[in-house]
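Step one of this worksheet: look at the structure below.
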Amino acid sequence: MIVTSILLILLAVALLVAGLAGSSSVLLIASIAASLLAAVALVLGARQAAAARAMAERNPSEADSGVSSPYQQAGGFVVPSQHVSASTDHGGTGWRQPPGPPVDTSALVAPVDDEPAPQLVPPADAARLARLDHEVWVVDAHPRYHLAGCARLLGEPEQLPVGEAVDLGFTPCAHCAPATALLTEQGRTASGGAGG
């Protein structure tokens, strides 16, 4: 592909010179088209070269199977590799990232260690929660958000809006039921404002 792009560049230059010398717009347009084709051929050639390099760097057994392994070779030992996802910085005092993706409440299992179970929240209520700006408490590396007085709020809690907590993937604690409390409070505020 690189040889093709070089030949297309030479053709584009020749067409450009001929177009300028003969004042022919057709040759100038053909020169531009040849330049574009050369660029495409160059990009394709670079991608092929990168793919060939990546394939050559792979372990021969992985290259044969066509499947990448979650293991890396290190001095004769097979060591599991670790994928670390980037944390999201939303400003403020530090990094906030719950451990893993949001919990699927349809297949709820028992909590691990001392982690409380997530509060089951219907999708419509979860959408309403995501729009609220009421403050809740979270702890880095723990997947739940809590109300201020929750007994299961261990570690160094940090306060943030419930909408941001939901956006970051935190789920409500079943022990203090912040979703119920916040939605009830929002309903009282809305009905009190409507009646006044």
Side-chain angles (χ1 to χ4, degrees), residues 47 50-51 53-55 57-59 61-63 65-74 77-194:
R47 285 188 177 181
R53 271 194 308 273
M55 196 62 122
E57 291 175 358
R58 278 190 179 179
N59 190 342
S61 63
E62 290 177 4
S65 68
V67 177
S68 63
S69 170
Y71 299 101
Q72 296 174 343
Q73 199 72 21
F77 297 100
V78 175
V79 180
S81 62
Q82 180 179 10
H83 171 71
V84 180
S85 62
S87 294
T88 306
D89 183 13
H90 287 275
T93 59
W95 295 89
R96 297 182 209 111
Q97 169 110 9
V103 175
D104 178 14
T105 57
S106 64
L108 189 61
V109 293
V112 178
D113 299 328
D114 289 339
E115 201 63 55
Q119 179 184 6
L120 298 177
V121 180
D125 288 345
R128 285 178 43 213
L129 275 170
R131 292 188 301 267
L132 295 178
D133 61 352
H134 293 75
E135 299 289 319
V136 293
W137 293 89
V138 299
V139 177
D140 280 341
H142 293 274
R144 307 286 175 258
Y145 63 85
H146 307 265
L147 294 174
C150 182
R152 304 303 294 269
L153 184 59
L154 305 173
E156 296 181 30
E158 184 178 348
Q159 195 172 14
L160 67 149
V162 67
E164 185 178 340
V166 170
D167 187 44
L168 290 170
F170 290 94
T171 54
C173 165
H175 184 75
C176 64
T180 303
L182 293 174
L183 290 172
T184 302
E185 180 181 332
Q186 186 224 9
R188 273 186 287 194
T189 305
S191 65

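Sequence positions, counted from 1, serve as the residue numbers for this chain.
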(request) Would you name the heavy atoms of Leu147 and Trp137 that are closest together and state the gap between them? (result) C-CD1, 3.9 Å
(request) Grab the two heavy atoms, one from Val162 and one from Leu129, that are nearest each other, plus how far apart they are. (result) CG1-O, 3.5 Å
(request) For Arg128, check salt bridge (Lys or Arg N to Asp or Glu O under 4.0 Å) against everything at least two apart and list the hits. (result) Asp125
(request) Could you pull out the closest heavy-atom pair between Ala165 and Leu160, with the gap in Å? (result) N-CD1, 3.6 Å
(request) Kindly indicate whether the side chain of Leu168, heavy atoms from C-beta on, has any atom under 4.5 Å from the side chain of Glu164. (result) yes
(message) So which atom in Thr171 and which in Pro118 form the shortest heavy-atom distance, rounded to 0.1 Å?
(response) OG1-CB, 3.9 Å
(message) How close do Pro172 and Arg144 get, counting heavy atoms only, and between which atoms?
(response) O-CD, 3.7 Å
Side chains of residues 177-185: which donor-acceptor partners sit under 3.5 Å, not counting sequence neighbours?
residue, atom, partner, partner atom, Å
Thr180, OG1, Gln119, NE2, 2.5
Thr184, OG1, Thr180, O, 2.7
Glu185, OE2, His134, NE2, 3.4

(request) Drop me the distance from Glu158's CD to Glu135's CD, to the nearest 0.5 angstrom. (result) 10.5 Å
(message) Which heavy atom of Phe170 sits nearest to which heavy atom of Val139, and what is that distance?
(response) CE2-O, 4.1 Å
(message) As an exercise, state the distance from NE2 of His146 to SG of Cys176, rounded to the nearest 0.5 Å.
(response) 6.0 Å
